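Inspection log for the structure reproduced underneath, given as structure tokens.
Computed from a predicted model, the values in this text were never measured in an experiment. Start at 1 with the first residue, then count along the sequence.
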Amino acid sequence: GVLVPWQKRHPESLKSGLDLLAADKGGLVYTPIAGLYEGVAELDFTAMYPSIMVHFNISPETVGAQCCEGEPVPELGTPVCRHRQGLVPETLAPLLEKRSQYKALIRKLPPDDPRRETYERRYSAHKWLLVTCFGYLGYKNARFGRIEAHEAVNAYGREVLLQAKELVEDHGFRVLHLYVDGLWIHKPGTNRQELEGLLQQIRDRTQLQIGLEGVYRWLAFLPSRTEPRVAVANRYFGAFDDGTLKLRGIEARRHDTCPYVKETQLRMLALLAQAQDVAEFRQTVPQAVAYVGERLSRLRSGQVPAEELVMTHRLSRQPQEYRVRTAAARTAAELQRAGVELQPGEMLHFVYVSGP
């Protein structure tokens, strides 16, 4: 029942410089407080951006609509029609519902149930469909995309996260970190019952679903390599109550890390994950450092097979377009001189060696 335009003829509306500064923002990110913590709870909004599109009726034809006064977008003031359901919310609503149903099915099944993998794959497929639709909403050539709608989603996301932050702080929690759709909060002596009550209050206030990702035995927010006094927004690691590790931004999570370094880091973290709190973590550090020392000695003595030291890098441009002489750029240049034709998107494999 919707006509698909042959060519998109809806350019971005004119904005003043101040309006552009207000509108052209992404998700809300707070710089975390670097350090080692215990008893930190991580709260995550479920499919935040797609949920915002559905709940607040964000769609190209509803944002900036002239049919009614509309509901103003926080911070931007752009009116959004709420009298008729937009095309994008109508499309996403069943996907969100199916994603939620698959998640519920996964939780009910035991780990060894053969159906679990099927449901997890379907759940993942729906997740990435929903992630893609948000980015496509702001794509300039998308037939049903519009940058004002994309900006409205970001504005609602920032407002929702701030509302959650204020509510959390009203209950005596300290907010250690905010990152787009998640909060890391801490309060001595808190328990699961108090956290569940807090989550329900956030749901009631924001009208969006939020869940408890977990409570950490210990959690480390890491400092910047260039400025140790400043933490990095998305670089941390920690162990949940059940011993499960969560890693972000470190070498073990990177695709270009060689297998030997990745295995070393994961085994070191597995040792640290046995610690029940910060005090035990500090006691375990010498053991982890000793293990790394053994792995380093093995590397220096030439006992590590070359296959375990292979670095992988995806070529992002033509070899001659690289301006900085990175290892990947030098590898691409050597291959080109040897007569190998390379195209952006291809994977390069190389090994670091000592020498001039």
Side-chain angles (χ1 to χ4, degrees), residues 1-2 27 41-62 80 82 84-139 142 144-145 149-150 152-154 156-157 159-161 163-164 167-168 179-185 192-216 240-246 248:
V2 177
E42 181 180 346
L43 315 181
D44 281 333
F45 282 95
T46 305
M48 185 193 222
Y49 284 178
S51 297
I52 286 174
M53 293 183 225
V54 172
H55 181 74
F56 296 105
N57 201 32
I58 306 296
S59 193
E61 74 278 18
T62 61
V80 179
R82 302 297 290 272
R84 59 191 175 99
Q85 188 181 32
L87 174 64
V88 170
E90 184 181 0
T91 306
L92 297 186
L95 291 176
L96 277 171
E97 179 61 27
K98 287 180 70 177
R99 180 181 185 269
S100 178
Q101 291 177 4
Y102 281 127
K103 190 171 186 178
L105 287 170
I106 292 168
R107 287 178 173 174
K108 291 179 182 178
L109 294 176
D112 57 347
D113 193 301
R115 295 171 295 174
R116 189 181 181 93
E117 183 181 359
T118 300
Y119 292 151
E120 286 177 344
R121 292 191 177 194
R122 292 178 182 177
Y123 171 82
S124 180
H126 281 76
K127 172 185 175 181
W128 289 111
L129 277 172
L130 293 167
V131 169
T132 304
C133 72
F134 166 67
Y136 203 64
L137 193 63
Y139 176 46
F144 295 104
H150 187 84
V153 174
N154 278 318
Y156 272 113
E159 179 64 21
V160 164
L161 203 59
Q163 289 177 1
L167 196 55
V168 162
Y179 195 84
V180 183
D181 62 352
L183 305 89
W184 287 257
I185 63 176
R192 295 268 177 165
Q193 185 177 357
E194 183 180 10
L195 289 170
E196 288 298 334
L198 177 61
L199 289 170
Q200 188 56 51
Q201 290 187 43
I202 295 175
R203 294 186 195 109
D204 294 340
R205 183 166 178 180
T206 63
Q207 299 300 302
L208 298 180
Q209 288 298 313
I210 188 172
L212 178 65
E213 180 76 6
V215 178
Y216 292 91
F240 288 114
D241 281 341
D242 61 358
T244 304
L245 283 165
K246 184 169 183 178
R248 291 294 184 272

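Note that CD1 of Ile202 and CG of Leu198 are 4.5 Å apart. Values are rounded to the nearest 0.5 Å. Taking CG of Leu212 as the reference point, atom CG of Asp44 lies at 9.0 Å (rounded to 0.5 Å). In this structure, the separation between OH on Tyr119 and NZ on Lys108 is 10.5 Å, given to the nearest 0.5 Å. Taken from NZ in Lys103 to CD in Gln209, the straight-line distance is 9.5 Å, to the nearest 0.5 Å. A distance of 4.0 Å separates CD1 of Ile185 from CG of Leu43, quoted to the nearest 0.5 Å. Taken from CG in Asp113 to CD1 in Ile106, the straight-line distance is 11.0 Å, to the nearest 0.5 Å.
By the side-chain hydrogen bond (donor to acceptor under 3.5 Å, both in side chains) test, Tyr216 is found to be paired with Glu42, residues two or more places apart in sequence or in another chain being considered. Tyr123 pairs by the side-chain hydrogen bond (donor to acceptor under 3.5 Å, both in side chains) definition with Arg99, not counting sequence neighbours. Listed by chain and residue number, Tyr136, Tyr139 satisfy the side chain to side chain contact (heavy atoms under 4.5 Å, CB included) test with Ala142 (two or more places apart in sequence, or in another chain). Applying the side chain to side chain contact (heavy atoms under 4.5 Å, CB included) criterion to Val153, with sequence neighbours excluded, gives Tyr49, Ile52, Met53, Ile58, Phe134, Leu137. With sequence neighbours excluded, the residues forming a side chain to side chain contact (heavy atoms under 4.5 Å, CB included) with Leu129 are Leu95, listed by chain and number. Gln201 pairs by the side-chain hydrogen bond (donor to acceptor under 3.5 Å, both in side chains) definition with His171, not counting sequence neighbours. With sequence neighbours left out, Arg116 forms a salt bridge (charged side-chain N to carboxylate O under 4.0 Å, His left out) with Glu120. A search for salt bridge (charged side-chain N to carboxylate O under 4.0 Å, His left out) contacts involving Glu97 returns nothing, not counting sequence neighbours. The side-chain hydrogen bond (donor to acceptor under 3.5 Å, both in side chains) search around Arg84 returns none, not counting sequence neighbours.
Identified under the side-chain hydrogen bond (donor to acceptor under 3.5 Å, both in side chains) test for residues 51-60, with sequence neighbours left out: Ser59-Glu61. Contacts classified as salt bridge (Lys or Arg N to Asp or Glu O under 4.0 Å) and involving residues 121-132 (residues at least two apart or in different chains) are given here: Glu117-Arg121. Residue pairs that meet the salt bridge (Lys or Arg N to Asp or Glu O under 4.0 Å) test with at least one member in residues 196-211, sequence neighbours left out, are Glu166-Arg205.
In this structure, Thr46 and Gly211 approach most closely via the heavy-atom pair OG1-N, 4.5 Å.
When side chains are defined from C-beta on, Leu161 does not count as touching Val180, because their heavy atoms never get closer than 4.5 Å. Between Phe45 and Val160, the closest side-chain pair of non-hydrogen atoms falls below 4.5 Å.
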task = Output, in order, the C-alpha distance, side-chain angles, deciding distance and verdict of side-chain contact (heavy atoms from CB on, under 4.5 Å) for Gln207 and Phe56.
result = CA-CA 10 Å; Gln207 299 300 302; Phe56 296 105; 5.6 Å; no
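The residue from Thr91, Leu130, Leu92, Leu208 that alone fulfils the side-chain contact (heavy atoms from CB on, under 4.5 Å) condition with Val54 is Leu92.
A salt bridge links Arg192 with Asp241: the distance from a Lys NZ or Arg NE/NH1/NH2 to an Asp or Glu carboxylate oxygen falls below 4.0 Å.
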